[in-house]
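Encoded as C-alpha coordinates, the structure appears first; notes follow it.
All values below come from the heavy atoms of this structure, side chains included, with hydrogens, waters and symmetry mates left out.
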Amino acid sequence: MAEEEKNTLVEILEEHNPIDMVKYIDFVSAPQCGAISTFSGTTRDTFNGKTVVELRYEAYVPMAIRCIKSIHIFLCQVKMELGLGPVPVGETSVFIAISSIHRIDALDACKFLIDEIKAIVPIWKKEVYANNNGEVWKENSEFLQEKSIGGRLT
(Lines give C-alpha, C1' and ligand atoms only; values in the text may rest on other atoms or scores of the structure.)
Protein backbone atom coordinates (compact mmCIF):
# COMPACT_ATOMS: atom_id res chain seq x y z
CA MET A 1 0.00 0.00 0.00
CA ALA A 2 2.82 2.44 0.75
CA GLU A 3 4.25 1.95 -2.76
CA GLU A 4 0.78 2.49 -4.27
CA GLU A 5 0.37 5.74 -2.26
CA LYS A 6 3.77 6.97 -3.48
CA ASN A 7 2.74 6.37 -7.11
CA THR A 8 -0.68 8.02 -6.81
CA LEU A 9 -1.30 11.75 -6.65
CA VAL A 10 -4.80 13.18 -6.24
CA GLU A 11 -5.37 16.93 -6.06
CA ILE A 12 -8.56 18.96 -5.94
CA LEU A 13 -7.88 22.59 -6.78
CA GLU A 14 -9.77 25.56 -5.44
CA GLU A 15 -11.36 28.07 -7.81
CA HIS A 16 -9.27 29.89 -10.40
CA ASN A 17 -6.32 27.49 -10.29
CA PRO A 18 -5.77 26.14 -13.80
CA ILE A 19 -4.84 22.50 -14.25
CA ASP A 20 -1.19 22.11 -15.26
CA MET A 21 -1.33 19.04 -17.52
CA VAL A 22 2.43 18.95 -18.17
CA LYS A 23 3.12 18.77 -14.42
CA TYR A 24 0.94 15.67 -14.12
CA ILE A 25 2.30 13.97 -17.21
CA ASP A 26 5.79 14.53 -15.78
CA PHE A 27 4.63 13.01 -12.45
CA VAL A 28 3.55 9.75 -14.11
CA SER A 29 6.58 9.44 -16.39
CA ALA A 30 8.74 6.49 -15.42
CA PRO A 31 11.51 4.65 -17.27
CA GLN A 32 9.85 1.27 -16.73
CA CYS A 33 6.58 2.44 -18.31
CA GLY A 34 6.03 2.36 -22.06
CA ALA A 35 2.72 4.24 -22.13
CA ILE A 36 1.14 7.37 -20.72
CA SER A 37 -2.58 7.85 -21.26
CA THR A 38 -4.50 10.96 -20.32
CA PHE A 39 -8.10 12.07 -20.04
CA SER A 40 -9.05 15.74 -20.05
CA GLY A 41 -12.67 16.58 -19.30
CA THR A 42 -13.63 20.00 -20.69
CA THR A 43 -16.75 22.14 -20.57
CA ARG A 44 -18.72 21.89 -23.82
CA ASP A 45 -20.70 24.81 -25.24
CA THR A 46 -24.16 23.20 -25.62
CA PHE A 47 -26.38 20.62 -23.99
CA ASN A 48 -29.83 19.62 -25.26
CA GLY A 49 -30.00 22.68 -27.48
CA LYS A 50 -29.11 25.13 -24.71
CA THR A 51 -25.97 27.27 -24.78
CA VAL A 52 -23.75 26.43 -21.82
CA VAL A 53 -21.80 29.29 -20.22
CA GLU A 54 -19.93 27.28 -17.60
CA LEU A 55 -19.99 24.33 -15.26
CA ARG A 56 -19.68 24.84 -11.51
CA TYR A 57 -18.18 22.11 -9.38
CA GLU A 58 -18.49 21.56 -5.66
CA ALA A 59 -17.07 18.76 -3.57
CA TYR A 60 -16.65 17.58 -0.03
CA VAL A 61 -12.89 17.59 -0.57
CA PRO A 62 -11.60 15.27 2.20
CA MET A 63 -14.17 12.60 1.33
CA ALA A 64 -13.67 13.06 -2.41
CA ILE A 65 -9.92 12.50 -2.08
CA ARG A 66 -10.45 9.41 0.11
CA CYS A 67 -12.95 7.99 -2.41
CA ILE A 68 -10.64 8.57 -5.36
CA LYS A 69 -7.69 7.00 -3.55
CA SER A 70 -9.85 3.98 -2.70
CA ILE A 71 -10.23 3.17 -6.41
CA HIS A 72 -7.41 0.68 -6.81
CA ILE A 73 -5.45 0.81 -10.02
CA PHE A 74 -2.21 -1.15 -9.99
CA LEU A 75 -0.12 0.55 -12.62
CA CYS A 76 3.14 2.47 -12.63
CA GLN A 77 1.74 5.91 -11.79
CA VAL A 78 -1.68 7.55 -11.42
CA LYS A 79 -2.38 11.29 -11.27
CA MET A 80 -5.83 12.81 -11.07
CA GLU A 81 -6.85 16.41 -10.58
CA LEU A 82 -10.21 18.16 -10.38
CA GLY A 83 -10.89 21.87 -10.39
CA LEU A 84 -13.63 23.32 -8.18
CA GLY A 85 -15.76 26.39 -8.84
CA PRO A 86 -16.69 27.80 -12.24
CA VAL A 87 -15.18 26.17 -15.33
CA PRO A 88 -15.92 28.16 -18.53
CA VAL A 89 -16.51 26.58 -21.94
CA GLY A 90 -13.32 25.03 -23.33
CA GLU A 91 -11.56 24.87 -19.96
CA THR A 92 -10.47 21.61 -18.31
CA SER A 93 -12.30 20.53 -15.16
CA VAL A 94 -10.76 17.10 -14.65
CA PHE A 95 -7.43 15.68 -15.79
CA ILE A 96 -6.16 12.12 -15.41
CA ALA A 97 -2.70 10.87 -16.34
CA ILE A 98 -1.79 7.21 -15.99
CA SER A 99 1.35 5.36 -17.00
CA SER A 100 1.80 1.64 -17.41
CA ILE A 101 4.13 -0.83 -19.02
CA HIS A 102 1.75 -1.35 -21.97
CA ARG A 103 -0.68 1.09 -23.63
CA ILE A 104 -3.85 -1.02 -23.30
CA ASP A 105 -3.56 -1.03 -19.50
CA ALA A 106 -3.14 2.76 -19.35
CA LEU A 107 -6.03 3.37 -21.78
CA ASP A 108 -8.36 1.01 -19.91
CA ALA A 109 -7.35 2.52 -16.57
CA CYS A 110 -8.21 6.07 -17.72
CA LYS A 111 -11.72 4.97 -18.72
CA PHE A 112 -12.17 2.94 -15.55
CA LEU A 113 -11.00 5.78 -13.30
CA ILE A 114 -13.22 8.52 -14.80
CA ASP A 115 -16.24 6.17 -14.76
CA GLU A 116 -15.61 5.29 -11.10
CA ILE A 117 -15.08 8.94 -10.13
CA LYS A 118 -18.39 9.90 -11.75
CA ALA A 119 -20.15 6.96 -10.06
CA ILE A 120 -18.94 7.16 -6.45
CA VAL A 121 -17.07 10.37 -5.60
CA PRO A 122 -18.96 13.21 -3.83
CA ILE A 123 -18.51 15.85 -6.53
CA TRP A 124 -21.46 17.92 -7.73
CA LYS A 125 -21.76 19.64 -11.09
CA LYS A 126 -24.08 22.49 -12.05
CA GLU A 127 -24.57 23.46 -15.69
CA VAL A 128 -25.17 27.21 -16.23
CA TYR A 129 -26.96 28.31 -19.40
CA ALA A 130 -26.84 31.56 -21.40
CA ASN A 131 -29.74 33.97 -22.06
CA ASN A 132 -31.40 33.50 -18.65
CA ASN A 133 -32.12 29.84 -19.43
CA GLY A 134 -31.24 28.97 -15.84
CA GLU A 135 -28.95 26.37 -14.34
CA VAL A 136 -29.31 22.70 -13.50
CA TRP A 137 -27.53 20.38 -11.08
CA LYS A 138 -26.45 17.39 -13.17
CA GLU A 139 -26.59 13.76 -12.13
CA ASN A 140 -23.99 11.57 -13.77
CA SER A 141 -25.35 8.63 -15.71
CA GLU A 142 -22.67 6.47 -14.06
CA PHE A 143 -24.04 7.38 -10.61
CA LEU A 144 -27.61 6.59 -11.63
CA GLN A 145 -26.50 3.31 -13.22
CA GLU A 146 -24.58 2.27 -10.09
CA LYS A 147 -27.57 3.13 -7.91
CA SER A 148 -30.10 1.33 -10.10
CA ILE A 149 -28.18 -1.97 -10.17
CA GLY A 150 -27.79 -2.04 -6.40
CA GLY A 151 -24.09 -1.28 -6.42
CA ARG A 152 -22.01 0.42 -3.76
CA LEU A 153 -24.31 3.43 -3.48
CA THR A 154 -27.48 1.77 -2.16
Can you confirm whether S99 sits close enough to S29 that some side-chain heavy atom of one is under 4.5 Å from a side-chain heavy atom of the other? no

For residues I101 and Q32, report the shortest heavy-atom separation together with the two atoms involved. CG1-O, 3.7 Å

Return the OH to CD distance between Y60 and E58, rounded to the nearest 0.5 Å. 14.5 Å

Does the side chain of V52 come within less than 4.5 Å of D45's, by heavy atoms? no

Greater than 12 external heavy atoms within 6.0 Å of K126's NZ: yes

Looking at side-chain heavy atoms only, is the closest gap between Y24 and T38 below 4.5 Å? no

Quick one: pull up CG in N17 and CD1 in I12 and give me the separation to the nearest 0.5 Å. 13.0 Å

Should F112 and V94 be regarded as members of a common hydrophobic cluster, given that ILVMFWY residues are connected when their side-chain heavy atoms come within less than 4.5 Å of each other, either directly or indirectly? yes

Value rounded to 0.5 Å, distance of CD in E11 from CD1 in I19: 10.0 Å

Test side chain to side chain contact (heavy atoms under 4.5 Å, CB included) on K111 and D108 and set out the steps. CA-CA 5 Å; K111 181 183 181 329; D108 288 348; 6.0 Å; no

Qualifying residue, where the test is side-chain contact (heavy atoms from CB on, under 4.5 Å) with T43 and the options are V87, V53, T92: V87

Is the shortest side-chain heavy-atom distance between I71 and I120 below 4.5 Å? yes

Find out whether Y129 and T51 are in side-chain contact, i.e. whether some heavy atom of one side chain is under 4.5 Å from a heavy atom of the other. no

Considering all heavy atoms, the nearest S37-C110 contact: O-SG, 3.5 Å

Nearest heavy-atom contact between I98 and A106 is O-CB, 3.8 Å

State yes or no: do V121 and I65 share one hydrophobic cluster built from I, L, V, M, F, W and Y residues joined by side-chain heavy-atom distances below 4.5 Å, directly or via other members? yes

To the nearest 0.5 Å, atom OG of S93 lies from atom NZ of K125 at 7.5 Å

Between I96 and I117, is any pair of side-chain heavy atoms under 4.5 Å apart? yes

In this structure, would Y57 and V89 fall into the same cluster of hydrophobic residues linked by side-chain contacts under 4.5 Å? no

Distance, nearest 0.5 Å, that separates CD of E127 from CG of N133: 11.5 Å

Hydrophobic clusters here meaning ILVMFWY residues chained together by side-chain heavy-atom distances under 4.5 Å, can you tell me if L107 and F39 are in one? no

Heavy atoms only: give me the nearest G85-E15 pair and the separation to one decimal. CA-CG, 3.4 Å

Heavy-atom nearest pair, V61 first then L84, reads CG2-CD1, 3.8 Å

Both conditions, 6.0 Å and 45 degrees, for the charged tip of K23 above the ring of F95: are they met here? no

What is the distance from atom CD of E91 to atom OG of S40, rounded to the nearest 0.5 Å? 10.0 Å

I25 vs I36 side-chain heavy atoms within contact, under 4.5 Å: yes

Does some side-chain heavy atom of F47 sit less than 4.5 Å from a side-chain heavy atom of K138? yes

Do you know which two heavy atoms are closest between I123 and A64, and how far apart they sit? CG1-CB, 4.4 Å

R56 bridged to E54 by N-O distance under 4.0 Å: yes

